[in-house]
Amino acid sequence: MEAHSRQAAVERISTRVIESIADARGVDPTDLDVPLYWEIDLEALDRLCASDTDGLVVTFTYDGTTVTVRGDGRIEVGSAVYEA
């Protein structure tokens, strides 16, 4: 059961967003100055993106940087694009 929980955590779009932001900034995810949950409701983001809607686009600002999450799995952090 524990392995399934870890896998579910890795598949969460919010986790991928955190990793993408950290990568775009050249830091470890644990070194981000502002927790992502200060900027957006992580559970709501995960629920929205779990709907398999390719046309979905969620855009928000994280610590001064525009972040866009698309239903096809792409994450854009500023000008950097991370594929699913």
Using the side chain to side chain contact (heavy atoms under 4.5 Å, CB included) rule, take Val67 and Thr59 through it: C-alpha gap first, then chi angles, then the decisive distance, then the call.
-> CA-CA 6 Å; Val67 177; Thr59 300; over 6 Å; no
Is there side-chain contact between Val58 and Thr68, with heavy atoms separated by less than 4.5 Å?
->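 Result no, sub-4.5 Å side-chain heavy-atom pair not found.
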Under the salt bridge (Lys or Arg N to Asp or Glu O under 4.0 Å) test, which residues partner Asp72, sequence neighbours left out?
->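 Expected list: Arg74.
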Do NZ/NE/NH1/NH2 and the carboxylate oxygens of Arg25 and Asp63 come within less than 4.0 Å?
->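 Asp63 and Arg25: salt-bridged.
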Would a hydrophobic clustering, with Ile, Leu, Val, Met, Phe, Trp and Tyr connected at side-chain separations under 4.5 Å, put Val34 with Ile75?
->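 Same cluster: Val34 reaches Ile75 through Ile, Leu, Val, Met, Phe, Trp or Tyr contacts under 4.5 Å.
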Below 4.5 Å, heavy atoms only, C-beta onward: do Ile21 and Thr65 meet side chain to side chain?
->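 They are not in contact (no side-chain heavy atoms under 4.5 Å apart), so the answer is no.
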Establish whether Leu56 and Phe60 are linked, either directly or via other cluster members, by ILVMFWY side-chain heavy-atom contacts under 4.5 Å.
->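 As far as the 4.5 Å side-chain criterion goes, Phe60 and Leu56 are connected within one cluster.
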In a table with atom names and distances, give each donor-acceptor pair under 3.5 Å that connects a side chain of residues 77-84 to protein atoms at least two apart or in another chain.
from, atom 1, to, atom 2, distance (Å)
Tyr82, OH, Asp23, OD2, 2.8
Tyr82, OH, Ala24, N, 3.2

Minimum-distance pair of heavy atoms, taken over all atoms of Ile13 and Cys49 =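 That closest heavy-atom pairing would be CG2-CB, 3.7 Å.
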Over all atoms of both residues, closest heavy-atom pair of Gly73 and Arg16 |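 Scanning both residues, the minimum pair turns out to be O-NH2, 2.8 Å.
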Return yes if some donor-acceptor pair links the side-chain N/O of Arg70 with the main-chain N/O of Glu76 below 3.5 Å, else return no.
->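 No: the side chain of Arg70 does not pair with the backbone of Glu76.
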Residues 35-45, side-chain donor-acceptor partners within the protein, below 3.5 Å, at least two apart:
from, atom 1, to, atom 2, distance (Å)
Asp41, OD1, Glu43, N, 3.0
Asp41, OD1, Ala44, N, 3.0

Thr61 side chain to Thr66 side chain, donor-acceptor N/O pair below 3.5 angstrom =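 Per modelled atom types, Thr61 and Thr66 side chains form no pair under 3.5 Å.
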Does Arg12 offer a backbone N or O that forms a donor-acceptor pair with the side chain of Asp46 under 3.5 Å?
->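 No.
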